[in-house]
There are 2 protein chains.
Amino acid sequence: MPDPTPSGESLLFLTDEQLRKGIEAMFFAYRGFTADPDRILENMDYGRAHHRALHFIHRSPGTTVSNLLTILGVTKQSLNRVLRSLVDDGLVEARVGRKDKRERHLYLTQKGQELERELSDAQRARMRAAYRAAGPQAVAGFRTVLEAMMDPELRKQYQGLKEAGP
Amino acid sequence: MPDPTPSGESLLFLTDEQLRKGIEAMFFAYRGFTADPDRILENMDYGRAHHRALHFIHRSPGTTVSNLLTILGVTKQSLNRVLRSLVDDGLVEARVGRKDKRERHLYLTQKGQELERELSDAQRARMRAAYRAAGPQAVAGFRTVLEAMMDPELRKQYQGLKEAGP
DNA sequence: CTTGGAAAGTCAACAAGGCTGACGTAACTT
DNA sequence: AAGTTACGTCAGCCTTGTTGACTTTCCAAG
């Protein structure tokens, strides 16, 4: 059991050893985090990159390509390859902007929503199990540390995503 | 163990929306997590895979190739490519086992330790800042959730790594 | 109305780092 | 003596990232 909050500010949780354990925890947990969707995708022609695109299009329907570029942090060539296959396969619809016709607004089709749902269900099942096992207080701490770990600019992106209204 | 929160608790933290935020938090935080070492490595001939190898050899000096394979979860061909360059460049020493001469025991050289240190310093600096900002209780929750998110087998690997203190 | 520049798409080439399959060798185990 | 394990390696493939160069479309400012 990691230390109960040290009243005398012992800061035991900031030792190099503790920090290394945290680093390793991130490494192993991220493997688990991606494992289930990866398993689903490995039979299809898609990969993790497609999953990410589906996730964020689901999250922000009508988002533009450049919005997505900013969020995903990849080059447009890289994203375009992924997006093209999703559009070609009828999972994503790219509508020309009404106001600005250069823009493409992205939406999931029925088929796209189904795959997104399948991937998301698997990933959320793991998160839910972890959250349930850890309890609400641990979850709050988890989110706090992760947010503090983000680059400030990414943190804004993260916080800008639809909030869970109170 | 935190209590399974019976009827009284709202379980608001288990809504799909909360779970999605957790998923996104993992995504963005992992980007931050790897950003600093990646920046250091991008000037060299090395990448994230080399960093991981250095980290775990540092962590468990004398570990064997197959140990490392298990921990990293990649094929031997993939690891070998990385390991070969590290050995060729004099960052890692591979000593033939005394007891079992088929095994190679891996150690960081002086040069290897220096690079590991540089990468680790960068990564720990970010972790330290996040930990400090979040506080000990949040850190405990962070670790709890991450552990719960790992595959059971990986969790054992993780826990088998050198523990901190008593 | 013209023009500058942003947004998007595309082609080509390349690299890192995964993967499979096949094969070889040394050394340990039975 | 035979089988298994640990390691290395060759060859080839895939995904997903990268640069660089170029075109088309089209909004907006001069």
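Side chains are part of it too, since the values below use all heavy atoms of this structure and drop only hydrogens, waters and symmetry mates. In what follows, every chain begins at residue 1, and chains take the letters A, B, ... in the order their sequences are listed.
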Pair E17(B)-R124(A), salt bridge (charged side-chain N to carboxylate O under 4.0 Å, His left out): steps then yes or no: CA-CA 10 Å; E17(B) 181 55 27; R124(A) 273 182 292 112; over 6 Å; no
Round to the nearest Å and state the distance from [X] atom [atom1] to [N] atom [atom2].
X       : N       : atom1 : atom2 : result
R48(B)  : dA15(C) : CZ    : C1'   : 15 Å
R104(A) : dA6(C)  : CZ    : P     : 18 Å
E103(A) : dG9(C)  : CD    : C1'   : 15 Å

Partner residues of D38(B) under the side chain to side chain contact (heavy atoms under 4.5 Å, CB included) criterion, sequence neighbours left out: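 Only T34(B), R48(B) meet the side chain to side chain contact (heavy atoms under 4.5 Å, CB included) criterion with D38(B).
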Encode nucleotides 19-30 of chain C as B, S and - characters from 5' to 3', where the letter depends on protein heavy atoms closer than 4.0 Å: B to the base, S only to sugar-phosphate, - to neither. SBBB----BS--
With heavy atoms under 4.0 Å as the rule, sort H105(B) into base, sugar-phosphate or nothing.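 Answer is nothing: H105(B) stays at 4.0 Å or more from every strand.
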Throw together a table of side-chain donor-acceptor distances under 3.5 angstrom for residues 70-79 of chain B, partners on residues two or more places apart or in other chains.
{"unit_1": "T70(B)", "atom_1": "OG1", "unit_2": "S66(B)", "atom_2": "O", "d": "2.9"}
{"unit_1": "T75(B)", "atom_1": "OG1", "unit_2": "S78(B)", "atom_2": "N", "d": "3.3"}

Sequence neighbours excluded, which residues qualify as side chain to side chain donor-acceptor pair (under 3.5 Å) partners of [X]?
X      : result
H51(A) : none
R20(B) : H58(A), E116(A), S120(A)
R39(A) : D36(A)

All ring pair (Phe, Tyr, Trp, His ring centres under 6.0 Å) counterparts of Y46(A), not counting sequence neighbours: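 Per chain and number, Y46(A) pairs via ring pair (Phe, Tyr, Trp, His ring centres under 6.0 Å) with H50(A).
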By ring pair (Phe, Tyr, Trp, His ring centres under 6.0 Å), which residues pair with Y30(A), not counting sequence neighbours?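 For Y30(A) the ring pair (Phe, Tyr, Trp, His ring centres under 6.0 Å) partners, ignoring immediate neighbours, are F33(A), Y30(B).
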If the cut-off is 4.0 Å, is N80(A) near the phosphate of dA8(C), judged by side-chain N/O to OP1 or OP2?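 No.
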If the helix axis at each end comes from five base pairs, how far does the helix from dC1(C)-dG30(D) to dT30(C)-dA1(D) deviate from straight, to 10°?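 The end axes of the helix from dC1(C)-dG30(D) to dT30(C)-dA1(D) are about 30° apart, to the nearest 10°.
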Could you list where the contact with chain A starts and ends along DNA chain D, reading 5' to 3', using a 4.0 Å heavy-atom cut-off?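 Extent of the interface on DNA chain D: dT16(D) to dC27(D).
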Let me see the working for E93(B) and R95(B) under salt bridge (charged side-chain N to carboxylate O under 4.0 Å, His left out), right down to the final yes or no. CA-CA 6 Å; E93(B) 189 188 352; R95(B) 295 184 206 153; 3.4 Å; yes
Whichever of V82(A) and V96(A) has its nearest DNA chain D nucleotide further upstream toward 5':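 With V82(A) and V96(A) compared, the 5'-side residue is V82(A).
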Before you tell me yes or no, could you show the steps for R84(B) and D88(B) under salt bridge (charged side-chain N to carboxylate O under 4.0 Å, His left out), namely the whole-Å CA-CA distance, both residues' side-chain angles and the distance that decides it to 0.1 Å? CA-CA 6 Å; R84(B) 199 189 323 166; D88(B) 286 354; 5.7 Å; no
Parallel, tilted or perpendicular: ring planes of F56(B) versus F27(A), cut at 30 and 60 degrees: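 Correct class here is tilted.
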Identify, residue by residue, the members of residues 32-47 of chain A with a heavy atom below 4.0 Å from DNA chain C, and return them in order of residue number, or none.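 Per residue number, the list is empty: none.
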Rounded to the nearest 0.5 Å, what separation is found between the CG atom of L12(A) and the CD atom of Q18(A)?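 Answer for the CG-CD pair, L12(A) versus Q18(A), is 7.0 Å.
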Pairwise salt bridge (charged side-chain N to carboxylate O under 4.0 Å, His left out) hits with a residue in residues 101-114 of chain B, at least two apart: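 Applying salt bridge (charged side-chain N to carboxylate O under 4.0 Å, His left out) to every pair that reaches into residues 101-114 of chain B, excluding sequence neighbours, yields D100(B)-R102(B).
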